[in-house]
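Comments concern the structure below.
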Amino acid sequence: MSRPLPVALVQASPHRIDEPWGAFGTEVSELVADLPATRLVVYPELHLHGADGPVKERNRRLADAAVRLDDPRLKELGELAGDLGIWLVPGSLCERGADGNLYNTVVVLSPAGELVAHYRKIFPWRPYEPYHPGDRFVTFELDDLGRVGLSICYDAWFPELTRHLAWMGAEVVVNVVKTTTADRAQELVLARANAIVNQVFMVSVNAAAPVGVGQSLVVDPEGLVRVAAPSEAPTVLTDVLDLDHVARARQFGTAGLNRMWDQFRPGDEPVALPLYEGRIDPARWGTGPDDRPG
């Protein structure tokens, strides 16, 4: 048995912040015409909100261009996904929340044309980014295929986030990225580490040159790199993820050995977590449908 998920991951430079979104629609349509079996299409962080220049000026432009989740352009993106029959992650957007705060928010449009999920970056890259942090972990269901968790760039540096998404049942974690700096080398290690310790697919899609440093990749639930962009050049990575690999890794162990989600046994004592003023409760450890919220 297998649950195949054909993906197309677009390593590209962002569209200018003042550019109409119609050009992006054409780009997606041409991609799917070339790759008609694709079910999930993912673009980098802030792909539709490209802004450069001095930090204060850039942040002002981002704030001025921020969109709300009921923006008609998001409805148009939903119609695009519906017309093409795909799950579309157009990167993240600069969002103006109903509370007036500015958020870095990734959105997901379904083949039914609906906005099915949005996730606000919990760990903005401080002090460089102007965003208010989000306050919740987000996953969504790919019909009856599986569950996907959402993550944005610097979130990957905090193991609690990916662990929580896995605990919520995510089998794939999509991390959209706009890394322009030398620490992409560390991010590649983190992508593999997050995949290994949570036994999930990690999909890290970075912006291309001249804005980003590229090196997008897909890591399987045992930490092996399935496909990777070798440079910062624009490219499209394609792969077919077998979501049953997650179940196999957890049942038989990474490399046939390590089964972290099956670590505890009935009657094991809780493990105190002074850092969180809490604890690991063995009774709540696991990734089954009875254990996860939502």
Side-chain angles (χ1 to χ4, degrees), residues 7-35 38 40-55 57-84 86-96 102-109 113 115 118-121 124-125 128-131 150 152-153 174-181 184 203-216 229 231-238:
V7 300
L9 315 173
V10 185
Q11 179 172 291
S13 292
H15 289 260
R16 296 190 316 273
I17 200 168
D18 55 354
E19 182 180 339
W21 289 10
F24 174 70
T26 300
E27 177 184 333
V28 179
S29 297
E30 291 175 349
L31 173 73
V32 175
D34 289 339
L35 301 168
T38 302
L40 173 65
V41 178
V42 183
Y43 284 82
E45 180 183 18
L46 295 173
H47 185 64
L48 294 172
H49 277 125
D52 52 18
V55 172
E57 173 63 17
R58 182 202 65 193
N59 290 348
R60 182 194 64 77
R61 294 181 66 205
L62 286 168
D64 289 345
V67 299
R68 297 187 183 274
L69 293 179
D70 60 359
D71 190 291
R73 289 173 293 179
L74 276 176
K75 183 177 180 181
E76 292 172 4
L77 289 182
E79 292 171 352
L80 174 68
D83 290 343
L84 298 175
I86 60 170
W87 295 88
L88 175 61
V89 180
S92 64
L93 307 171
C94 189
E95 180 214 350
R96 179 70 67 185
L102 199 65
Y103 295 97
N104 186 348
T105 304
V106 65
V107 296
V108 182
L109 295 312
L115 175 63
H118 70 277
Y119 163 71
R120 293 167 168 171
K121 190 175 185 178
W125 193 41
Y128 309 103
E129 294 181 348
Y131 305 108
L150 298 173
I152 302 176
C153 205
V174 172
N175 181 235
V176 298
V177 180
K178 187 182 177 184
T179 294
T180 63
T181 46
R184 183 60 179 165
V203 174
S204 177
V205 186
N206 192 16
V211 174
V213 297
Q215 301 174 75
S216 302
S231 72
E232 73 280 6
T235 190
V236 177
L237 297 180
T238 60

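Please read all numbers here as calculations on a predicted model, not as lab measurements.
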Audit row: Asp18, Arg16, salt bridge (Lys or Arg N to Asp or Glu O under 4.0 Å) steps and yes/no: CA-CA 5 Å; Asp18 55 354; Arg16 296 190 316 273; 3.4 Å; yes
Candidate pair Val28 and Ile86, rule side-chain contact (heavy atoms from CB on, under 4.5 Å), full reasoning: CA-CA 10 Å; Val28 179; Ile86 60 170; 4.0 Å; yes
Derivation of the side-chain contact (heavy atoms from CB on, under 4.5 Å) call for Leu93 and Val107: CA-CA 8 Å; Leu93 307 171; Val107 296; 4.1 Å; yes
Derivation of the side chain to side chain donor-acceptor pair (under 3.5 Å) call for His118 and Glu95: CA-CA 10 Å; His118 70 277; Glu95 180 214 350; 5.4 Å; no
Intermediate values then yes/no, side-chain contact (heavy atoms from CB on, under 4.5 Å), Leu31 and Tyr43: CA-CA 12 Å; Leu31 173 73; Tyr43 284 82; 4.0 Å; yes
side-chain contact (heavy atoms from CB on, under 4.5 Å) between Val205 and Val10, intermediate numbers included: CA-CA 7 Å; Val205 186; Val10 185; 5.7 Å; no
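The two residues Glu45 and Lys178 come nearest to each other via the heavy atoms OE1-N, 2.9 Å. Closest approach of Ile152 and Lys121 over heavy atoms only: O-CE, 3.4 Å. Listed here is the closest heavy atom pair of Leu102 and Ala66: CD1-CB, 3.5 Å. Thr38 and Leu40 make their closest contact through CG2-O, 3.4 Å (heavy atoms, listed as atom of the first residue, atom of the second, distance).
At distances below 3.5 Å, not a single donor-acceptor pair connects side-chain atoms of Thr105 with backbone N or O atoms of Arg120. With hydrogens and angles disregarded, no donor-acceptor distance shorter than 3.5 Å links the side chain of Thr238 to the backbone of Ala8. With Gln11 contributing its side chain and Ser231 its backbone, the two residues share a donor-acceptor pair below 3.5 Å. Between the side chain of Ser13 and the backbone N or O of Ala209 there is at least one donor-acceptor pair closer than 3.5 Å. Using modelled atom types, one side-chain atom of Arg184 and one backbone atom of Gln215 make a donor-acceptor pair closer than 3.5 Å. Side-chain N or O atoms of His47 include none that pairs as donor or acceptor with a backbone N or O of Gly91 at under 3.5 Å. Proximity of a side-chain donor or acceptor of Ser92 to a complementary backbone N or O of Leu46 within less than 3.5 Å is detected.
Note that CG of Asn104 is 8.5 Å distant from SG of Cys153, once rounded to the nearest 0.5 Å. Rounded to the nearest 0.5 Å, atoms CG (Leu62) and CD1 (Ile17) are 4.5 Å apart. One finds the CG atom of Asp64 at 11.0 Å from the CG atom of Asn59 (value rounded to the nearest 0.5 Å). The CG atom of Asn206 sits 12.0 Å away from atom CG of Leu9, with the distance rounded to the nearest 0.5 Å. For the atom pair OG1 (Thr179) and CH2 (Trp125), the distance works out to 7.5 Å, reported to the nearest 0.5 Å.
Counting heavy atoms from C-beta on, the side chains of Trp87 and Val108 come closer than 4.5 Å. Taking the side chain as every heavy atom from C-beta outward, Val89 and Val106 approach each other to under 4.5 Å. Residues Val203 and Val7 fail the side-chain proximity criterion, which asks for heavy atoms closer than 4.5 Å. You'll find the side chain of Leu48 reaches within 4.5 Å of the side chain of Leu77, heavy atoms only. For the pair Ser216 and Leu237, the minimum side-chain heavy-atom distance is below 4.5 Å. Looking only at side-chain heavy atoms (C-beta outward), Leu109 and Pro90 come within less than 4.5 Å of each other.
In summary, Arg73 and Glu76 do not engage in a salt bridge, as defined by a charged side-chain N under 4.0 Å from a carboxylate O.
The environment of CG in Asp52 is sparse: at most 12 heavy-atom neighbours from other residues, nucleotides or ligands sit within 6.0 Å.
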